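Atoms within each ligand, like the ligands themselves, are counted from 1 in listed order. Keep in mind the model is a prediction, meaning the values are calculated, not measured.
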Amino acid sequence: MITSQPLVRIENVTKIYNTGGILNSRPVPVVNDVSLDIGRGEIVGLVGESGSGKSTLGRMVLRLETLSGGKLSFDGQDITNATRSEMKPLRKSMQVVFQDPYAALSPRMRAGDFVAEPLRLHGLSGRLEREQRVAELFSTVGLDPTLMKRFPHEFSGGQRQRVCIARAIASEPSFIVADEPITALDVSIQAQIVNLFKELQQRMGLSYLFIAHDLSMVRYLCDRVAVMLRGRIVEIGPAASVFNNPLHAYTQALLSAVPVPDPDTERTRQRLLYDPAQHPPGERLEEKTPGHFLLV
Ligand code: ADP
Ligand code: MG
């Protein structure tokens, strides 16, 4: 029997930070006992209010951050305590796309050189070979290869994010953490970038942890959705199930804030508010419908 082991396995992962400043510094779990598998070719969306621990979880999964507790595996390999040099061969396979492409780019580096950098690091040594590959990558992400010679300030926001995506896929990874990759972009081009993510996923069989604010994009793109609240996953399930039948009061409140395209429904849309005082924090995830879990 072939067991399809998940690509990423997150088991009871916790991150504790000291917060509150020097005088009243106290340890606070910003990610608290999170478990989540990401399958090969699967897109998992991660949503939740600002400060709920999404980026911290994303950084830990890539081991850009240490874990305070729990276990992490990538492609069957335990990377919970992997050192920098142990992570190096895996860096090729796991990449990241950030919210702000301008900050990610180097202002004095030509876009083509920026995309070529990981190729050099991962052993594509010939200059001409590299240049050709960069041109291919530019086409893949919808940029004219002649733009290789340009500097970051000569691009639009959407083009800059395409450059960052080209760099992320340069080493042919199997997994990408995309941390709010469209939040900083004009609304008019957000859908184009989401479509690019979708296209690349289909073409390369990629897996994503897609951290996002915009729930309609998550619904469109993701296979499964996890909802984070104050460091914990309070609900997780197939995207259709979570969106059509949100179980947690917090998820219901999040969804009630999303405008709907139908004007009649939109006019009568009621915004729900989530009051944490009225809800116990919950202890464990319970499966309510197939694959759809609620923290109870
Ligand atoms: P999100 O991405 O959901 O907005 P973050 O993961 O960025 O949330 O942050 C979660 C919490 O952890 C926040 O309260 C933030 O202030 C805190 N935090 C993040 N990084 C650090 C750090 N390096 N040191 C202390 N606290 C941190
Ligand atoms: Mg964040």
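Applying the 4.0 Å criterion to heavy atoms of Ser50 picks out, from ligand 1, the atoms 4 (O). Taking every non-hydrogen atom of Glu49 and a distance limit under 4.0 Å, the qualifying atoms of ligand 1 come out as 3 (O). Atoms of ligand 1 found under 4.0 Å from any heavy atom of Val30 (numbered from 1 in listed order, with element): 11 (C), 12 (O), 17 (C).
In this structure, the protein non-hydrogen atom closest to atom 25 (C) of ligand 1 is Tyr17 CG, 3.4 Å. Regarding atom 7 (O) of ligand 1, its nearest protein heavy-atom neighbour is Ser55 CB, 3.8 Å. Nearest protein heavy-atom contact of atom 9 (O) of ligand 1 is Thr56 OG1, 3.8 Å. Protein heavy atom closest to atom 4 (O) of ligand 1, with residue, atom name and distance, is Gly51 N, 2.6 Å. Among all non-hydrogen protein atoms, the one lying nearest atom 3 (O) of ligand 1 is Lys54 NZ, 2.8 Å.
Ring geometry, Tyr208 versus Phe210: the interplanar angle falls from 30° to 60°, so the pair is classed tilted.
At least one donor-acceptor pair closer than 3.5 Å links the side chain of Arg63 to the backbone N or O of Thr80. Panel note: side chain Gln201, backbone Gly41; a donor-acceptor pair is recorded below 3.5 Å. Panel note: side chain Arg130, backbone Ala116; no donor-acceptor pair is recorded below 3.5 Å.
Within 4.0 Å of atom 16 (O) of ligand 1, not a single protein heavy atom is present. Atom 21 (C) of ligand 1 is approached by the protein to below 4.0 angstrom, counting heavy atoms only.
Contact detail for Arg160 and Phe155: the closest heavy-atom pair is NH1-O, 2.8 Å.
Under the side-chain hydrogen bond (donor to acceptor under 3.5 Å, both in side chains) criterion, the residue pairs touching residues 87-100 are Gln95-Ser171, with sequence neighbours excluded.
Checking Thr56 against the Mg ion (ligand 2), every N/O/S atom stays at or beyond the 2.8 Å cut-off.
Between Ser241 and His292, the side chains place a donor N or O and an acceptor N or O closer than 3.5 Å (distance only, hydrogens not considered). Counting only N and O atoms by type, the side chains of Tyr220 and Asn195 include a donor and acceptor under 3.5 Å apart.
Within the 4.0 Å heavy-atom cutoff, Gly53 counts among the residues contacting ligand 1.
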